[in-house]
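Report on the following structure.
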Amino acid sequence: MSVAIKFKMLEGCEDLAPARAHGDDAAYDLRSRTDLTIEPGKVALVPTGLTLELPVGYEAQVRPRSGLALKSGIGVLNSPGTIDAGYRGEVGSILFNFSDRPFEIRRGDRISQMVIAKLAEVHLEPVDRLSESARGAGGFGSTGKQ
């Protein structure tokens, strides 16, 4: 079953609407609405001109584009960035330049991707004790493999 997600582009940004490159892609490409340069080791909030109205029980996740990461060392710093159902402001991508050279962004460049996800209905239940498991509290390298 398909769920309709309402969106609106800011004035003058209609040409930047999110789209999937292929019909079976999981994510929608997000485009920059401005020109800017991200210097090496620096972060920038890149505006997309996109606003959303997500239904309660859904989120949008802003993720890096694999080609930008591989070829240019550009990533989404808070990956994945979460857009909550109640947010109505402009979607932005927090990009970080991991490379050693400036990265130029032009209006219309694909800068990140957005996945719409249904949230599981859960509640947190406080307890006095958790059940045992084979792993226990081991984490952060506890398998001995890097």
Side-chain angles (χ1 to χ4, degrees), residues 1-125 130 133-146:
M1 178 176 91
S2 179
V3 174
I5 303 295
K6 297 176 183 178
F7 76 96
K8 182 178 186 225
M9 300 306 295
L10 297 180
E11 186 175 330
C13 295
E14 294 80 8
D15 60 317
L16 305 175
R20 290 187 251 185
H22 304 97
D24 59 352
D25 284 353
Y28 290 84
D29 289 327
L30 297 178
R31 297 178 180 274
S32 174
R33 75 167 167 90
T34 189
D35 296 342
L36 59 97
T37 300
I38 307 175
E39 296 297 329
K42 299 296 181 183
V43 64
L45 176 60
V46 183
T48 66
L50 170 68
T51 60
L52 294 169
E53 184 178 326
L54 295 166
V56 172
Y58 285 81
E59 69 163 330
Q61 300 173 0
V62 178
R63 300 178 179 186
R65 294 190 67 239
S66 58
L68 283 183
L70 178 64
K71 296 174 185 172
S72 301
I74 301 300
V76 174
L77 190 58
N78 63 326
S79 182
T82 296
I83 301 164
D84 297 308
Y87 179 67
R88 295 294 186 271
E90 181 178 11
V91 173
S93 295
I94 302 172
L95 300 186
F96 186 81
N97 185 348
F98 290 93
S99 80
D100 59 359
R101 60 193 180 283
F103 181 71
E104 302 286 331
I105 297 173
R106 297 289 168 244
R107 185 186 190 284
D109 285 354
R110 294 178 298 161
I111 55 163
S112 58
Q113 53 187 342
M114 177 180 68
V115 171
I116 307 293
K118 184 167 177 51
L119 300 170
E121 292 187 34
V122 301
H123 68 275
L124 294 179
E125 180 180 342
L130 300 176
S133 73
R135 181 175 179 176
F140 301 105
S142 64
T143 62
K145 297 182 181 181
Q146 296 190 33

(message) Check this for me: Glu11, atom CD, are more than 12 non-hydrogen atoms of other residues, nucleotides or ligands nearer than 6.0 Å?
(response)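 Atom CD in Glu11 is not crowded, with 12 or fewer foreign heavy atoms closer than 6.0 Å.
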(message) If you count every heavy atom of other residues, nucleotides or ligands that lies below 6.0 Å from Phe103 atom CZ, does the total exceed 12?
(response) yes
With no hydrogens and no angle check, is any side-chain donor or acceptor of [X] less than 3.5 Å from a backbone partner on [Y]?
X: Thr51; Y: Lys8; result: yes
X: Arg135; Y: Gly138; result: yes
X: Asp29; Y: Arg110; result: no

(message) Among Leu52, Leu54, Val91, exactly one meets side chain to side chain contact (heavy atoms under 4.5 Å, CB included) together with Phe7. Which residue is that?
(response) Leu52
Beyond-backbone contact of [X] with [Y], side-chain heavy atoms, under 4.5 angstrom:
X: Leu68; Y: Leu95; answer: no
X: Val115; Y: Pro80; answer: no
X: Gln113; Y: Asp25; answer: no

(request) Heavy atoms only: give me the nearest Glu53-Ile5 pair and the separation to one decimal. (result) O-CG2, 4.3 Å
(message) The test is salt bridge (charged side-chain N to carboxylate O under 4.0 Å, His left out); show your working for Arg31 and Asp15 and say whether it passes.
(response) CA-CA 9 Å; Arg31 297 178 180 274; Asp15 60 317; over 6 Å; no
(message) Any donor-acceptor pair under 3.5 Å linking the side-chain atoms of Thr37 with those of Glu104?
(response)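 Thr37 and Glu104 do have a side-chain donor-acceptor pair below 3.5 Å.
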(request) Find the distance between OG (Ser112) and CZ (Arg63) and round it off to the nearest 0.5 Å. (result) 11.5 Å
(request) Would you sort out whether Leu16 and Leu50 count as a side-chain contact (heavy atoms from CB on, under 4.5 Å), showing the intermediate values? (result) CA-CA 8 Å; Leu16 305 175; Leu50 170 68; over 6 Å; no
